[in-house]
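Residues take their numbers from the sequence shown, with the count starting at 1. Counting starts at 1 for both ligands and their atoms, in listed order. What's counted below: heavy atoms across the whole structure, side chains too, no hydrogens, waters or symmetry copies.
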Amino acid sequence: MPSWTHNFKSFLNLFLQSHCPLCQRSTSDALCQYCARQLQNCAQKNPCGSWQGEIPVFAWGVYGGSLKRAIAVMKYDNQPDIARMLGVWLGEAWLSNSPHCHTQLLVVPIPMHPQKQKQRGYNQAALIAESFCQTTKLKLKLNGLKRVRETQAQFGLSMSEREKNLAEAFAVGQEFRSPCPDIPLLLVDDIYTTGATTKSAVQTLRQSGITVLGLAAVAIAVKDQHTSS
Ligand SMILES: [Zn+2]
C-alpha cells in the first residue's frame with residue numbers, strides 16, 4: 001500500500017475511533033477490550049439454571065456489577081451497539097448450553113410501547129433478539145407481540161400490583177393471528193426480574209393457542225440471600 005494511502009487511512013481512523021461508553025477509553029468497538037472482558041465475567045456458568053417450571057428462563061448473566069451498568073447505558077444513554085453485542089453473546093450461550101439448541105423456534109422480542117420506543121429510538125430487546133437470531137440462525141418475528149397499553153414503571157410496586165399493572169398490556173401481533181404459528185416461540189428480553197412482564201406476555205400468547213417454550217434474557221436478577229425472606 002502506498003504510504004499516502006496508509007496515512008490517509010490512519011487519518012480517517014482518528015475520526016472513526018470513538019470512546020467506550022463505560023470508561024471513555026478510545027475504541028472502535030461497542031465497548032473497549034477492558035470493559036468487554038469485565039462484562040464477560042458476568043456470564044453464568046450454567047445459563048440453564050432457571051430453565052424449569054411454567055416459564056423456563058435461559059439467562060446469559062446475573063444482573064449486577066458491570067452487566068447492570070452496561071444495560072443501563074444501553075437503555076438510557078443511546079448505546080444500541082451494546083444490545084447487539086449482548087445479543088451475540090446470548091446466542092453463543094444458547095448454542096453451547098441450551099437443551100433446545102437444535103429445536104426450530106420462532107424468536108419474539110418483548111415489545112415496548114410505541115410511544116416509549118419513539119422516545120428511546122430503539123427497543124433494546126428487539127436489537128438483542130436480532131443479533132441472537134443472526135448467531136443462532138433462528139427465525140426472528142419482530143412483531144409477534146405488541147404492547148397495547150402503556151404501563152407505569154414497575155419499580156416500587158409489589159408483585160400483585162405489578163401483575164395488575166401488566167394485565168392486558170400485550171396483544172398477539174397481526175402475523176400470528178391467522179394462522180397460529182405451528183412451531184414454538186422463544187421470547188427475548190434484556191432483563192428478567194420478577195417475571196411479571198414475561199408472565200403477562202406468555203399468558204397473552206398461550207391464550208391464543210401459541211406454544212411458548214420460554215424466555216432467553218441477557219440478565220437475570222437473583223434475589224439477595226440476605227434481604228429476601
Ligand atoms: Zn471501557
| query | According to the interplanar angle, ranging from 0 to 90°, do the rings of W94 and H100 count as parallel (below 30°), tilted (30 to 60°) or perpendicular (above 60°)? | reply | parallel

| query | Are Q117 and N123 linked by a side-chain donor-acceptor pair shorter than 3.5 Å? | reply | no

| field | M112 versus Y122, closest heavy-atom pair with distance | value | SD-O, 3.7 Å

| field | Pairs involving residues 63-90, ordered by first then second residue, that meet ring-ring contact (aromatic ring centres under 6.0 Å, His included) (sequence neighbours left out) | value | W60-W89

| Is the NZ atom of K68 crowded by more than 12 outside heavy atoms at less than 6.0 Å? | no

| query | Counting only heavy atoms not in Q33, do more than 12 fall under 6.0 Å of its CD? | reply | no

| field | Distance below 2.8 Å from the Zn ion (ligand 1): protein N/O/S atoms | value | C20 SG, C23 SG, C32 SG, C35 SG

